[in-house]
Amino acid sequence: MEPDLWYLYRHMFRSRLFEQVVQVFWEQGLISFDMHMGYGEEAIAAGIVCQMVDGDAMALDHRGTPPLLMRGIEPTLILRELMGRPDGLCGGLGGHMHLYSREHLCASSGIVGSSGPAGAGFALAAQYLRPGTLAIAFFGEGAINQGMLLESMNLAVAWQLPLLFVCKDDKWSISTRSASVTGGELVERARGFGLHTVEVDGADVEAVWHSAGEAMKRTRDGGGPTFLHAHCVHLEGHHLGFFLFRVGRDQIKEMIPLLGPLLRSATRRKGGSSRERIRSLTDIATRPRDAVKEQTQKEKDPLYRTRQKLISDRDRLEALEAEINVEIQDVMEVALED
Amino acid sequence: MEPDLWYLYRHMFRSRLFEQVVQVFWEQGLISFDMHMGYGEEAIAAGIVCQMVDGDAMALDHRGTPPLLMRGIEPTLILRELMGRPDGLCGGLGGHMHLYSREHLCASSGIVGSSGPAGAGFALAAQYLRPGTLAIAFFGEGAINQGMLLESMNLAVAWQLPLLFVCKDDKWSISTRSASVTGGELVERARGFGLHTVEVDGADVEAVWHSAGEAMKRTRDGGGPTFLHAHCVHLEGHHLGFFLFRVGRDQIKEMIPLLGPLLRSATRRKGGSSRERIRSLTDIATRPRDAVKEQTQKEKDPLYRTRQKLISDRDRLEALEAEINVEIQDVMEVALED
Amino acid sequence: MRTMSFDETIEDVLAQTMADDPRIILFGEDVQLFQANLYTQFGGRRIRDTPISEGAFLGAAITAAMAGMRPVVEVSLVDFLGVAMDALLNQASKLETFSGGKWKAPFVLRTTCGGGLGGGGQHQQSLWGWLSHIPGLTVVVPSTPADAGGLLFSALQHDGPVIYMTHKLFTDFWVENLGYLGRKTVDFDLPLAGMRGTVPEKWEPIPFGQAAIKRSGVDLTIISVGVGVHRTLEAAVMLEEEGIDTCVIDLRTVSPMDTAAICEAVSSTGRLLVVDEDYQGFGLSGELAAIILEAGINANYGRVCTEKTIPYSRELEAQTLPNKERIVEGAIELMDRS
Amino acid sequence: MRTMSFDETIEDVLAQTMADDPRIILFGEDVQLFQANLYTQFGGRRIRDTPISEGAFLGAAITAAMAGMRPVVEVSLVDFLGVAMDALLNQASKLETFSGGKWKAPFVLRTTCGGGLGGGGQHQQSLWGWLSHIPGLTVVVPSTPADAGGLLFSALQHDGPVIYMTHKLFTDFWVENLGYLGRKTVDFDLPLAGMRGTVPEKWEPIPFGQAAIKRSGVDLTIISVGVGVHRTLEAAVMLEEEGIDTCVIDLRTVSPMDTAAICEAVSSTGRLLVVDEDYQGFGLSGELAAIILEAGINANYGRVCTEKTIPYSRELEAQTLPNKERIVEGAIELMDRS
Ligand SMILES: Cc1ncc(C[n+]2csc(CCOP(=O)(O)OP(=O)(O)O)c2C)c(N)n1
Ligand SMILES: Cc1ncc(C[n+]2csc(CCOP(=O)(O)OP(=O)(O)O)c2C)c(N)n1
Ligand SMILES: [Mg+2]
Ligand SMILES: [Mg+2]
């Protein structure tokens, strides 16, 4: 079977547009704390979530918006939740890292790695109550060093849980290059736990759709859990207003106030060797630039990639985008109503 | 280089004899709680600990006696500690799961898996303060599903710590067959974290000596951490007086009081299908028998195996054993003094 | 009325409720053999052994409950919760708030607590006050078979997370398997009146937050929980000989607490002694002080608690845990003060 | 006297002590960029980024300290300790007892706590009372730059584990990186007097267990810690207008506590209000009640604490955390009571 690319693009585009509203609201101060965006991982979400059925469950990390939207949760409810309104998805009590929908069996958490156990529990319930359904656990590559997530990989294999582990690998955890703190290859690590594994370009929604579809079919049929390793970027970095990206984007303005203290530290009497100090300074100077450069490559933006494939039918594309524009405009207005 | 088998046997035999005293004391009620013995893992301990040097450190699990003895800790101090005496190794405050020797850099813990992080910390200190030294982390195959141990494997690779992970695999964690709750193969799992790996018959002290020696050399030279998977048995099961072994050894006497309730449960109105019930009953009946049978195979007893290799020089062997007998007899008497 | 042991009570309630409610499953390390009767009746699908991965399987219990199951998850000793605390601190306890009151996780965490078997400081903690600090958790600590049954019955019907704590000394199973272990050479100060007793023919739920007045008295109120209740009742007999008439209250649930009963009893005697096997500082004893002060009750107050890490030595252990003698002493001191 | 921000203070003390003591290393997630100045001065060997494996690296800090290092380990938010609690509950806190007083682990766990940035219930907990429940841990919560420096200086010389907690609102870094994030559209109620202030020319250690009397007064004693101290001082000004003369005490260290100062202040005013941003039940507020009752002080008592999970909504958050208005109300209520 082939995916309906128009359908997938619709979901991706809708998520992108919705998050742009979130960003505007956040910039206006209507949303607090470090808002984590799904910008850049829309293809992973769409390729997977669009194949979920009634009774399937999702355990989400700190970037829950795209999967929730695609799963069919009312966008106004999400937006109002992010605004902390009593008429939000969770009465304004949860906020952007704690989005829940009982009817859709979706739960989130801001504790890195906790979607592993959460996914395992959903999958366990599926085994008893809803045979043929499954659970998805979303997390980043940084989370893969968190003990409870590793434990849950083993548990899923031991209990043959209908669970799909989805590692959205943007290569960074906050300001840390994940490779610098991670041993081995992730797919091999997962295989070492006895998981089925598949690696995929997370900017290619069709590829995600295919490999996720196969894994989901296998797990629905009782074939056991799979680890899906999807590479992606995050166009806004770790969260909105992230200092690494601010520095990386506007080195002159953002770096200047930091320079004085940095240089003072670099020249203090005791401490590391001058080679070490130069290495640190270079690292501090290059990480922001690299992070921005890596995360904003056009050809890694799934929206751009997918749009290119549809652009030959420009009329249909523009009509679709216009339609969604209207919807999201409307969502924004409704969210602001008293 | 070849190991000195007489030297290794001396350590193993001494440990065995010492633990037999521990067992007698425990049976007499001089030692409390669930005493975990090292019976059966002497070859693993000897093959590794006998190659440790000043400044090397050890993180131990709940079976700390053999490595501590072999590392040179005064046996009387250990025995008195197990008796809870103020003149014990830790003033009687620690007990058998919490044996510490600061001068030997040895620490223990009764929390399964905690020797992973503990080993990593020792290895970290070695990197700064004692280059060329290393740390050993001992644990069982059941511990390998504990998050913090898995995390520490990754940490050791990421930081290239001089750390040897030693998995003493007796196939059982308490009454659970570890394979039934563990996904994948352990060596592959470790390799998935980027560790060097080696698998060895833990009853063969020479084999352990060789593979540990190689790994220890590599790690001393900065070649990074290794996972050593050693197969072994535990002649007394999980701990002294362990019910699984009591049932397995004397099914008639120990099983009879359990039978009534079991059969009542098996025939209660609601519950599992009769196939499930029969499967449970069979499982309950076979686990004890299997556990005892698996753990007491003579050819898996490292003492027996090593002794066979030395028996041709019976005089020397008997002299050695007699000497140690005297020592341990003495230890016992001294430990009992006021 | 029937007579049952503490263990039998728990098994009886579980067998009955599991027979009636197919959503109840039970999992934890070694539960198939530790709960062999239930395993026989319900089979391996509903009674599951787990890997030693408390973080993963406790976390999984939460979402399994959210998705419609009623898991009973067993962590053999409360001390082991250190490796799984995130599930309680950040997930289970917060779900109801985070979801805006729309989603709850009805699961029961069964665990044992307490000392007196010579198991040292890492296997004998109580921690009920510590756990009760976290808003959103129910913490139950029964002290008789009848309460154990009724409270477990309630726990299995409760719509949120319940931590159901059994003191080791009440259960034949743990006293045998961590204490006697087939020996006749050891002795324990067992709270016999809590180990076996009459229970109702038909289980009725005992509401949470309802203390039991175990003994009325006009001179002094002693509040305790778990084995402390029995130590206190014995002390009360000794105090009677000194002419001190003691009212003894068993909280039964630490969170929620029966504020009304506490205030009534303390205001009538004007003196409160708290007997708490959990650590003294920042726990139950303090909370009780705050409750009476908030209520404007003017009372003499003292506490007999565990002040520090529990030592291994049986003798030191006995001095560290609240014992009859310390209670009597504390009570007399309190009487003398006014 | 110099003027410094809270952040600068911490960096200054770390830079000075790290220069003097090569055993001090610092590790945690993202510390290389979050502590870019120290990273520049000391290089990547002494300032290390970690994987997201709090269990492993906090556990490693303990044995690294035991083996001669003085690690400063950073866990960015105290809430994340849920995944690493075993290291505190069962290892660090118990080492001294278990080793018979022979071995200690001198490390500093730096973490942030507290709310007021709209971060919801999983990223804004305080937990100082919760941590203080465990015997063997020192818990430090400074409220001014001078105290922050002096207490950190002491922590780095202390011979056991110290949990050094910084309230987010004191630090420009966290207020910027979790609050403003480059925006001018959000507002926070910042404790300005705690964010910047005079500090000594030369750092002197401030002993643990020494409270600071921030304001003397005869009508009422308010005890607090962290940001609560500043909220209380503001409230005290308002109370003055009502004719209520308030004594304000800053505990500075929650464990150990300055019992003498507490008792003196409360017995002189006869009224105690506890202002505690940590959860109300089974925590600091209760312990203070116990302390004064044990001392036989007859006082009116009230508390203004965080009673439940902190809601995300900024408005509800403000009502849930102890604020000026609630403090004034609580104080007046207490005055009216007698
Ligand atoms: C247990 C825990 N530790 C640390 C954090 C802080 N934190 C939040 S997100 C994050 C990075 C996660 O990286 P990754 O898993 O790769 O996800 P990404 O943000 O890159 O999508 C960290 C360290 C946390 N929330 N929970
Ligand atoms: C975190 C934790 N969970 C559970 C236990 C209880 N426990 C003690 S030993 C053990 C089994 C360990 O099995 P393994 O690691 O294979 O070691 P073995 O006893 O077989 O040598 C368990 C579950 C514990 N001590 N700590
Ligand atoms: Mg990432
Ligand atoms: Mg084992």
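Both backbone and side-chain heavy atoms feed into the values below; hydrogens, waters and symmetry mates do not. Chain letters run A, B, ... following the sequence lines, proteins first, then strands; residues in each count from 1. Just so it is clear, the structure is predicted and the values come from calculations on it, not from any experiment.
Interatomic distance, CG of L89(D) versus CE of M85(C), reported as 7.0 Å (0.5 Å rounding). Note that the CD1 atom of I297(C) and the OH atom of Y301(D) stand 13.5 Å from one another [nearest 0.5 Å].
Of all the listed residues (M257(C), Q91(C), Q125(C)), the one sharing the greatest number of non-hydrogen pairs under 4.5 Å with chain D is Q125(C). Between chain D and the residues G129(C), G296(C), S255(C), the largest count of heavy-atom pairs under 4.5 Å involves G129(C). Among T97(C), V83(C), N90(C), the residue with the largest count of heavy-atom pairs under 4.5 Å with chain D is N90(C). Among L293(C), D86(C), L131(C), the residue making the largest number of heavy-atom pairs under 4.5 Å with chain D is L293(C).
Interface remark: E307(C) contributes backbone atoms only to the contact with chain D (heavy atom separation under 4.5 Å). With a 4.5 angstrom heavy-atom cutoff, V254(D) touches chain C via backbone and side-chain atoms both. Contacts of A87(D) with chain C are absent, with no heavy-atom separation under 4.5 Å from either backbone or side chain. Neither the backbone nor the side chain of Y312(D) has a heavy atom closer than 4.5 Å to any heavy atom of chain C. For I292(C), the part sitting under 4.5 Å from any heavy atom of chain D is the side chain, from C-beta outward, and nothing else. Only the backbone of S93(D) comes within contact range of chain C, judged by heavy atoms closer than 4.5 Å. At a 4.5 Å heavy-atom cutoff, L288(D) makes no contact with chain C through either its backbone or its side chain. When heavy atoms are compared at a cutoff of 4.5 Å, S132(D) approaches chain C by way of both its backbone and its side chain. N298(D) touches chain C through its side chain: at least one heavy atom from C-beta onward sits under 4.5 Å away, while N, CA, C and O do not.
Minimum interatomic distance between H133(C) and G281(D) (heavy atoms only, all atoms of both residues): ND1-O, 2.7 Å. In plain terms, the two heavy atoms of G286(D) and A289(C) that are nearest each other are O-CB, 4.4 Å. Counting all heavy atoms, side chain and backbone alike, T309(C) lies closest to K94(D) at OG1-CG, 3.9 Å. Shortest non-hydrogen contact noted between E287(D) and Q280(C) is OE1-O, 3.7 Å.
Counted within 6.0 Å of NZ on K102(C), heavy atoms from surrounding residues, nucleotides or ligands total more than 12; the atom is thus considered enclosed. Sparse packing is recorded around CD of E315(D), with 12 or fewer heavy atoms of other residues, nucleotides or ligands lying under 6.0 Å away. No more than 12 heavy atoms of other residues, nucleotides or ligands shown are found within 6.0 angstrom of CD on E264(C).
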Determine, stepwise, if the pair F282(C) / W130(D) fulfils side-chain contact (heavy atoms from CB on, under 4.5 Å).
-> CA-CA 7 Å; F282(C) 304 84; W130(D) 195 56; over 6 Å; no
